[in-house]
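These notes concern the structure reproduced below.
Heavy atoms only: backbone and side chains are in, while hydrogens, waters and symmetry mates are out. What you see is a predicted model; the values in this text were computed from it and never measured.
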Amino acid sequence: MLNVLIEPLQYGFMQRSLFMAIVVGIICAVVGSYLMVQRLALLGDAISHSVLPGLAIAFILDINIFIGAFIAGLISTVCINIIRNNSKIKEDAAMGIVFSAFFALGITLITVVQKENKIDLNHFLFGNILGVSFSEVRDTLFIASFVLLIVFFFYKELLFYTFDKLGAESVGLPVNLLDTGLMILIGLTIVASLKAVGVILVLSLLITPPSTAYLLVNRLNQVMLVGVFVGVISSISGMYLSYYFNLPSGPAIVLVATTLFILSFLFSPSQGLITGYFRLKFNQ
Amino acid sequence: MTNSDCLKVENLTVNYRQVEALRNITFHVAPKRVTGIIGPNGAGKSTMIKAMLGLIPYQFGSILFHSQPLIQQRQYIAYVPQRSQIDWTYPATVWDVVMMGRVKKTGWLKPFSVMSRVIAKNTLEKVGMSDFCHRPIGELSGGQQQRVFLARSLAQEADIFFFDEPFAGVDQKTEAIIFNIFRELANQGKIVVVVNHDLGESINNFDDLILLNKTLIAWGNKEEVLQEENLYNAYSGKVSFFSHNSKFVA
């Protein structure tokens, strides 16, 4: 049994990718908790799709892809706000317009440049965690530490703001700053996760573990902690499944996370579908 | 009513999404009295509170406390929003919500002090919610949720209290507890402003009233405000009051 766990670790690429998956599992669960409680799951999807042209342009100009992706994510959020604030178009429609446009632009750019640059569109869409380099692990670790420190130090303010925006503003908390700060954390987290799961599946790591936890516990910090546990378990199991059964890593991680969600959905002591049925039956 | 301890609203005009919501409103709110803001649906009662707190912009006018703009003195303000503006499925306990009242006093990068915890405990006791400390807010009744928010505002140790529709959907016991606390706050010299939709018996618990319908219809003590003519102007003749043993009945 122990052998099964140790065997993949003799390869340097597996050590790096497993470590990467764990780090990404942690920050996605923490930052995704804020997305979930604010009902902003769609925004996570919008930002992750919007970073694609940034990745492509970063490749063409040979700058750090993290920077390119982050700038593209930022521009897309600004575009969404401009459309929403200056027309009758509602926020969800604005998101739909902007993120699909950015996504299309990204795919076009990458397809045009991929032949001479020896890059693969699929790696952007679905991640390429097995090909992760030492410097990419280092960058991700750096972003993750920053994100976790910010959440730790501003936890009480962010809790107040995400629960009751008017109340937070009335006591003089800088709500615009908190809002921008949260958006930046979300952007950074998505960018840091791209290598692991790609732009399409990153939403799953952001939303599924916190949702799983939300059905089990009742406080935001507990949602984060249980979410991190779910995220890390999904990352590790997904990587091992992918190693032994030759499955694509990103989708394997997502499928494990989804399985854990289904278990929570059915068997959560307080909220579960099946536990609820039995509670009802025995109380009669 | 001209002393500087009053909260003074002068010539307040608010346009909300290009529609004029409030025009040229002037009134004073005195400390030591429980002041109700009343008026029909869509009269701009909540809009006025939000404008006074700086939560929505206003086009013209001034809101002064101690001769200074009110929004520069947020440390003295406690505000309880309408229950409908809160997501009650949020993963937070009663304790989490009450401690939010201590966030600003605690300051950035610092954990809550022992004093803050003691204050939060005391305010929960005051509203009769101590036993619910660790319960998720979503599992409470409407009245209990309102009492938790009242506890949060008390924990802020403010001088000016704003409550937006605190009696919407609450039980009789909660209404009595809330009015007792309003009276207590007023007796301590605080300013208490309450948006109240209901014109029922509870109106007798207020000292002063501000009657609104886009413009100011009347303000002052409740006997002066609850005149047939004022109510006719505000409600277009749909409500009449009968004074009975100095109690008002709609």
Side-chain angles (χ1 to χ4, degrees), chain A residues 29-30 32-40 84-88 149-178 181 209-227 268-271, chain B residues 17 46 49-50 52-56 70-112 116 134-139 149 152-153 155-158 160-162 164:
Chain A
V30 170
S33 297
Y34 286 118
L35 278 177
M36 183 194 66
V37 296
Q38 294 192 95
R39 303 174 179 195
L40 288 177
R84 185 193 57 190
N85 295 340
N86 295 294
S87 72
K88 293 200 290 194
L149 280 176
I150 295 285
V151 170
F152 180 78
F153 281 115
F154 298 98
Y155 179 80
K156 66 181 191 300
E157 284 84 5
L158 288 172
L159 177 74
F160 194 174
Y161 168 72
T162 54
F163 173 65
D164 176 7
K165 292 184 170 58
L166 286 176
E169 191 175 359
S170 76
V171 303
L173 286 181
V175 286
N176 289 329
L177 195 68
L178 290 172
S211 302
T212 308
Y214 180 53
L215 295 177
L216 299 170
V217 292
N218 292 320
R219 299 176 80 180
L220 185 66
N221 54 0
Q222 296 167 347
V223 168
M224 287 176 173
L225 285 176
V226 176
S268 154
S270 58
Q271 312 282 326
Chain B
R17 293 186 182 133
S46 295
I49 284 205
K50 284 182 191 159
M52 289 168 75
L53 290 162
L55 302 178
I56 56 174
L70 180 66
I71 52 167
Q72 288 170 15
Q73 307 172 75
R74 289 204 154 120
Q75 68 272 28
Y76 301 128
I77 301 176
Y79 163 60
V80 174
Q82 275 182 45
R83 248 165 42 76
S84 59
Q85 280 174 356
I86 301 296
D87 173 12
W88 295 101
T89 64
Y90 194 99
T93 58
V94 167
W95 180 253
D96 290 330
V97 173
V98 176
M99 289 309 280
M100 287 174 195
R102 302 299 302 170
V103 165
K104 194 64 189 171
K105 279 234 159 57
T106 301
W108 298 98
L109 304 178
K110 289 190 204 121
F112 292 118
S116 284
H134 302 297
R135 288 276 283 276
I137 46 159
E139 287 179 9
F149 267 63
R152 182 180 86 176
S153 72
Q156 287 177 245
E157 300 182 302
I160 309 172
F161 290 80
F162 290 94
D164 200 347

Where on [X] is there a heavy atom nearer than 4.5 Å to chain A: the side chain, the backbone, both, or neither?
| X | answer |
| --- | --- |
| Thr89(B) | both |
| Gln156(B) | side chain |
| Ile137(B) | side chain |
| Phe162(B) | neither |
| Trp95(B) | side chain |
| Arg152(B) | side chain |
| Val80(B) | neither |
| Lys50(B) | side chain |

Taking side chain as everything from C-beta outward and backbone as N, CA, C, O, which of these in [X] sits under 4.5 Å from a heavy atom of chain B? Side chain, backbone, both or neither.
| X | answer |
| --- | --- |
| Thr162(A) | both |
| Phe153(A) | both |
| Tyr214(A) | side chain |
| Val223(A) | side chain |

| Under a 4.5 Å heavy-atom cutoff, which of Val175(A), Val217(A), Val37(A) has the most pairs with chain B? |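 Top option by heavy-atom pairs under 4.5 Å: Val37(A).
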Among [options], single out the residue with the greatest number of heavy-atom pairs under 4.5 Å to chain A.
| options | value |
| --- | --- |
| Leu53(B), Ile77(B), Asp87(B) | Asp87(B) |
| Trp108(B), Phe112(B), Tyr79(B) | Trp108(B) |
| Arg102(B), Lys110(B), Met100(B), Gln85(B) | Met100(B) |

When rounded to the nearest 0.5 angstrom, what is the spacing between [atom1] in [X] and [atom2] in [Y]?
| X | Y | atom1 | atom2 | answer |
| --- | --- | --- | --- | --- |
| Asn218(A) | His134(B) | CG | NE2 | 12.5 Å |
| Arg83(B) | Phe149(B) | CZ | CZ | 9.5 Å |
| Leu166(A) | Ile86(B) | CG | CD1 | 7.5 Å |
| Asp164(B) | Ile49(B) | CG | CD1 | 5.0 Å |
| Met36(A) | Ser211(A) | CE | OG | 5.0 Å |

Non-hydrogen atoms of [X] and [Y] that approach each other most closely:
| X | Y | answer |
| --- | --- | --- |
| Ser268(A) | Leu216(A) | CB-CD2, 3.8 Å |
| Lys156(A) | Gly107(B) | NZ-O, 2.8 Å |
| Ala29(A) | Pro210(A) | O-CG, 3.5 Å |
| Glu139(B) | Arg135(B) | OE1-NE, 3.4 Å |

| message | Quick test of your reading of the model: are Lys104(B) and Glu157(A) salt-bridged, counting only N-O distances below 4.0 Å? | response |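 Not counted as a salt bridge, because no side-chain N and carboxylate O are separated by less than 4.0 Å.
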